[in-house]
Number of protein chains: 2
Amino acid sequence: MTNGKTAPMTRIQQKNRQLILDGALGVFASNGFRGATIDQIAKAAGLSKPNVLYYFRSKDEIHKTLLTRLLEMWLAPLSRFDPKGDPLEEVLTYVRAKLHMSRDYPRESRLFANEILQGAPHLTEVLEEDLKTIVDRAVVVIAGWMDQGRLARVQPQHLIFSIWSMTQHYADFDVQVRAVLGPGHDPFDEAEKFLEQLYRKMLSV
Amino acid sequence: MTNGKTAPMTRIQQKNRQLILDGALGVFASNGFRGATIDQIAKAAGLSKPNVLYYFRSKDEIHKTLLTRLLEMWLAPLSRFDPKGDPLEEVLTYVRAKLHMSRDYPRESRLFANEILQGAPHLTEVLEEDLKTIVDRAVVVIAGWMDQGRLARVQPQHLIFSIWSMTQHYADFDVQVRAVLGPGHDPFDEAEKFLEQLYRKMLSV
DNA sequence: GAAATTATTGACCAATTGGTCAGGGTCACG
DNA sequence: CGTGACCCTGACCAATTGGTCAATAATTTC
């Protein structure tokens, strides 16, 4: 039942596991792991607490499932760099993709931020294997462009960090961004223009 | 006793309140507010739980005290922009100051990040008053430089966001940064060089 | 449509946790 | 050196919370 690969899931299992994960995503994102209670998750999912624990062995398992699913989606765009494409446009496409993810999936961004902030207790091994591998591949592509003189030379890893931090900032620090801007602003729209300017100037040779 | 202004504090009060705040900073930073327990704080401070509650009425009060103190230190460098200085150097000085704060006070950075991530339940009013006021002042100075053609024109608020997000990233997402870089890197040293390049190119007219 | 399987829940438990309190120790100060 | 204010703690409490379980309801299967 907890094994997605072999055990065939009934319709009810499909539906309820999804309800739980959806509810839990919001609860974890806005309260952190320790701050989230199974009761809150159950309520958000529209189920009873024992019923939640019927579909997931523990709170930990819900959290872990969520993180695993999330990580795939989160890292996917990084694998889409095309060495044959126009370097600057490739980077800008990635920046936009990440920014739109922050805008459209802020709960996912916050869940991830929470986890990393706490020292990634459930992610350390994934971080050091999958993540590093994916980033390393992207770094090779980017460094290639720089070697060819098609992109200004900067340390590729930090270029990637800059994209992550600035785009995720608009999801994770949303309240702060809005408090500073005040009413009458569209943070994500403005951010998109700002980031395009920034990377065009920075990366042009 | 809880009022720092009028009531004179004994040596013991001074010392123990400081011990508690120091201990609590670490505990809150690495566990979040809900994840932190008074027992952990007491242990970190080397005091008994009831003794901690002798110096602070509640866990909330410790947290609030910490945030208030922190916010001052955190925002101070933003007020130091000198309209008469060299624009690019002024910005770079601020960037360096923030990066060094991330390096030297990562617990403070994480405490702050945790609070904002949870929607800033204890900071909303401060955020919308003090923070906005300070930022608005800095925005005026920066916009002035741009009007004089001494700095490339970008939206000043987002310039500030970019500095905050990229510098704090190295404290808040430390595990991720180190996982990606692997051994043999000094994240903060590299970041300093990267950020200098970035802002020089971006802000040069 | 009955048996077998799956789904659901109220009631409960043990552990944790924020906070209290009475009583005893310690320190400053006259 | 005595006394009042300050400091500290073991024992305790009520609320919360992760998780269990026996019993019941709903579905599927044959």
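Side chains included, hydrogens not; waters and symmetry mates left out as well; all remaining heavy atoms used. Fair warning: this is a prediction, and the values are worked out from it, not measured in the lab.
Between the CD1 atom of I41(B) and the P atom of dG19(C) there is a distance of 10 Å, rounded to whole Å. At whole-Å resolution of the value, CG in D39(B) and P in dG10(D) are 12 Å apart. Atom CD1 of I62(B) is separated from atom C1' of dG19(C) by 12 Å (rounded to the nearest Å). The distance between atom CZ of F56(A) and atom P of dG18(D), rounded to the nearest whole Å, is 16 Å. Following rounding to the nearest Å, L19(B) (CG) and dC7(D) (P) show an atom-to-atom distance of 14 Å. Distance, L47(B) CG to dC6(D) C1': 15 Å, rounded to whole Å. Residue K59(A) contributes atom NZ, which lies 9 Å from atom P of dT17(D) at whole-angstrom precision. I20(A) has its CD1 atom 11 Å from the P atom of dA7(C), to the nearest Å.
Between F161(B) and H158(B), the angle of the ring planes goes over 60°, which puts this pair in the perpendicular group of the 30/60° scheme. Using bins of under 30°, 30° to 60° and over 60° for the plane-to-plane angle, the ring pair F28(B)/H63(B) lands in the perpendicular bin.
Residues passing the salt bridge (Lys or Arg N to Asp or Glu O under 4.0 Å) test with R80(B): none are found, sequence neighbours excluded. Residues satisfying the salt bridge (Lys or Arg N to Asp or Glu O under 4.0 Å) test with K201(A), not counting sequence neighbours, are none. Residues satisfying the salt bridge (Lys or Arg N to Asp or Glu O under 4.0 Å) test with E196(B), not counting sequence neighbours, are R96(B), R200(B). For the side chain to side chain contact (heavy atoms under 4.5 Å, CB included) test, residues two or more places apart in sequence or in another chain that qualify with P187(B) are Y170(B), V177(B), R178(B), L181(B). Residues passing the side chain to side chain donor-acceptor pair (under 3.5 Å) test with R137(A): none are found, sequence neighbours excluded. Under the salt bridge (Lys or Arg N to Asp or Glu O under 4.0 Å) criterion, D189(A) pairs with K193(A), not counting sequence neighbours.
Within the nucleic acid shown, A36(B) comes within 4.0 Å of sugar-phosphate atoms alone, with no base atom in reach, counting heavy atoms only.
Remark: Q13(A) is not in phosphate contact with dT6(C), judged by side-chain N or O atoms under 4.0 Å from OP1 or OP2. Contact annotation: N51(A) side-chain N/O to dA7(C) OP1/OP2 distance is not under 4.0 Å. Taking 4.0 angstrom as the limit, Y55(A) places none of its side-chain polar atoms (N or O) nearer than this to OP1 or OP2 of dT6(C). Distances shown here put a side-chain N or O of Y54(B) below 4.0 Å from the OP1 or OP2 atom of dC7(D). An OP1 or OP2 oxygen of dG10(D) is reached within less than 4.0 angstrom by no side-chain nitrogen or oxygen of S48(B).
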Under 3.5 Å, which N/O atoms of the protein pair with N/O atoms of nucleotides 14-16 of chain D?
none

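Nearest-nucleotide positions on DNA chain C place N16(A) closer to the 5' end than the other of N16(A) and S58(B).
Applying the salt bridge (charged side-chain N to carboxylate O under 4.0 Å, His left out) definition to pairs two or more places apart or across chains, none involves residues 35-52 of chain A.
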Report task. Can you check each nucleotide of nucleotides 20-30 of chain C against protein heavy atoms at under 4.0 Å and return B for base, S for sugar-phosphate only, - for none, in 5' to 3' order? Result -> BB------S--
Report task. Decide yes or no on salt bridge (charged side-chain N to carboxylate O under 4.0 Å, His left out) for R57(B) and E61(B), but give the supporting numbers first. Result -> CA-CA 6 Å; R57(B) 254 195 278 281; E61(B) 197 183 298; 3.6 Å; yes
